[in-house]
2 protein chains.
Amino acid sequence: MQGLTELLKGSLEGIVLQHISHGETYGYEITHYLIDLGFEDIVEGTVYTVLLRLEKKGLLTVERRKSTVGPQRKFYQLNAAGEAYLQDFWIKWDFLAQKMTQLKED
Amino acid sequence: MQGLTELLKGSLEGIVLQHISHGETYGYEITHYLIDLGFEDIVEGTVYTVLLRLEKKGLLTVERRKSTVGPQRKFYQLNAAGEAYLQDFWIKWDFLAQKMTQLKED
DNA sequence: ACCACTATATAGTAAAACAATGTAGTAGAA
DNA sequence: TTCTACTACATTGTTTTACTATATAGTGGT
């Protein structure tokens with residue numbers, strides 16, 4: 001699906017956090033996961049800016065490790081603040097989604 | 001609910017269009033409708049910028065009429081382009097919402 | 001050597017929502 | 001009659017976020 005840019009604003013952060021919460025991962029993998037999920041337009045640059053933002057907010061722990069197939073990978077995991085932030089994100093998302101359904105069915 | 005700013009980006013346009021599609025209305029009424037709906041943080045300035053944007057995109061027909069309780073009101077209705085745009089919005093929203101549910105339940 | 005794939009990063013731009021402020025009309029109270 | 005509250009629209013400037021384009025770099029195959 002294309003043209004989701006504006007709708008994704010605000011959601012992408014949560015989407016990335018949620019994916020990381022399933023287990024340690026890194027930018028390149030996340031990018032391809034999102035594209036496979038159906039967010040075709042997502043490019044690497046976007047994911048890396050999200051990750052650096054989340055890191056700057058103190059929501060992730062980071063560890064660089066070698067890869068056998070290319071340059072070093074930067075592995076991310078949620079920390080406690082990240083878990084809390086993610087929970088809060090879902091509360092807001094659920095609120096919005098419920099209101100949207102309500103609006104649509106009026 | 002507060003702090004929805006970023007999540008609202010991209011959705012607010014659709015929300016406003018959807019509300020207008022229920023019948024002719026104007027900015028001030030829309031603002032208070034949204035606040036009553038639960039989007040507490042929405043202020044008039046935001047709604048007017050959305051309306052002017054939608055108008056500029058050619059999605060609305062506009063008519064100014066007097067009011068007995070204040071200055072003139074600017075009444076909006078969806079035109080054919082607006083209906084099409086709204087339909088497209090819901091397709092994108094449904095896609096996103098479905099993916100979000102999928103992500104969350106993984 | 002060259003190319004494809006893997007992997008991270010950043011500078012610049014555009015879009016959208018908010019904050020703050022200004023302008024105006026109506027009506028009721030002091 | 002002046003002031004206050006409510007109604008109503010609009011604009012300027014700021015922040016946040018995602019995209020575009022580009023740069024850098026490691027690995028492996030031809």
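The analysis underlying the following values was restricted to heavy atoms, covering all of them including side chains, and did not include hydrogens, waters or symmetry mates. Proteins come first, then strands; the chains are lettered A, B, ... in the order of their sequence lines, and each starts at number 1.
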Give me the residues of residues 19-45 of chain B where at least one heavy atom lies under 4.0 Å from an atom of DNA chain D, by number, or none.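 Under 4.0 Å from DNA chain D: B:Y26, B:G27, B:Y28, B:E44, B:G45.
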
Between [N] ([atom2]) and [X] ([atom1]): distance, integer Å:
X     : N      : atom1 : atom2 : answer
A:K92 : D:dT16 : NZ    : P     : 14 Å
B:E63 : D:dC9  : CD    : C1'   : 17 Å
A:L7  : D:dA18 : CG    : C1'   : 13 Å
B:E55 : D:dA10 : CD    : C1'   : 12 Å
B:K56 : D:dA10 : NZ    : C1'   : 12 Å
B:L8  : D:dT16 : CG    : P     : 16 Å
A:Y48 : D:dT17 : OH    : C1'   : 19 Å
A:L17 : D:dT17 : CG    : C1'   : 15 Å

Specify the residues of residues 75-90 of chain B, ordered by number, for which at least one heavy atom lies under 4.0 angstrom from an atom of DNA chain C.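 Residues of residues 75-90 of chain B that come under 4.0 Å of DNA chain C do not exist, since none gets that close.
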
Taking only side-chain N and O atoms of A:R53, does any of them lie within less than 4.0 angstrom of OP1 or OP2 on D:dT17?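 Affirmative; the distance criterion is met.
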
Pairs meeting criterion ring-ring contact (aromatic ring centres under 6.0 Å, His included) with involvement of residues 50-82 of chain B, two or more places apart: B:Y26-B:F75

Short heteroatom pairs, N/O only, protein and nucleotides 25-29 of chain D, under 3.5 Å:
residue, atom, partner, partner atom, Å
D:dT27, O3', A:T68, O, 3.2

Nearest heavy-atom contact between B:L86 and B:G14 is CD1-O, 3.8 Å

For [X], which contact category applies under a 4.0 Å heavy-atom criterion: base, sugar-phosphate, or nothing?
X     : answer
B:R65 : nothing
A:L51 : nothing
B:T46 : base

With under 30° as parallel and over 60° as perpendicular, where do the rings of B:F95 and A:F39 fit, or are they tilted in between? perpendicular

Which residues pass the ring pair (Phe, Tyr, Trp, His ring centres under 6.0 Å) test with B:H32, not counting sequence neighbours? B:Y28

Check side-chain contact (heavy atoms from CB on, under 4.5 Å) between [X] and all other residues, then give those that pass, not counting sequence neighbours.
X      : answer
B:A84  : none
A:E6   : A:K9
B:T101 : B:E105

Quick one: [atom1] on [X] to [atom2] on [Y], what's the gap to the nearest 0.5 Å?
X     : Y      : atom1 : atom2 : value
B:L78 : B:L59  : CG    : CG    : 8.0 Å
A:W93 : A:M100 : CH2   : CE    : 8.0 Å
B:I42 : B:I35  : CD1   : CD1   : 7.5 Å

Go through the N and O atoms of the side chain of A:K9 and the base of D:dT16, and report whether any donor-acceptor pair is under 3.5 Å. no

Pairs meeting criterion side-chain hydrogen bond (donor to acceptor under 3.5 Å, both in side chains) with involvement of residues 35-53 of chain A, two or more places apart: A:E13-A:R53

Please collect all salt bridge (charged side-chain N to carboxylate O under 4.0 Å, His left out) contacts where either partner lies in residues 74-95 of chain A, sequence neighbours excluded, each pair once. A:E55-A:K74, A:D88-A:K92, A:D94-B:K104

Salt bridge (charged side-chain N to carboxylate O under 4.0 Å, His left out): which pairs involve residues 60-72 of chain A, sequence neighbours left out?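 For residues 60-72 of chain A: A:E24-A:R65, A:E63-A:R65.
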
Terminal contacting nucleotides, 5' and 3', DNA chain C versus chain B (heavy atom, 4.0 Å): C:dA16 to C:dA27

Can B:I91 and A:M1 be said to form a side chain to side chain contact (heavy atoms under 4.5 Å, CB included), step by step? CA-CA 10 Å; B:I91 289 169; A:M1 166 90 53; 4.2 Å; yes

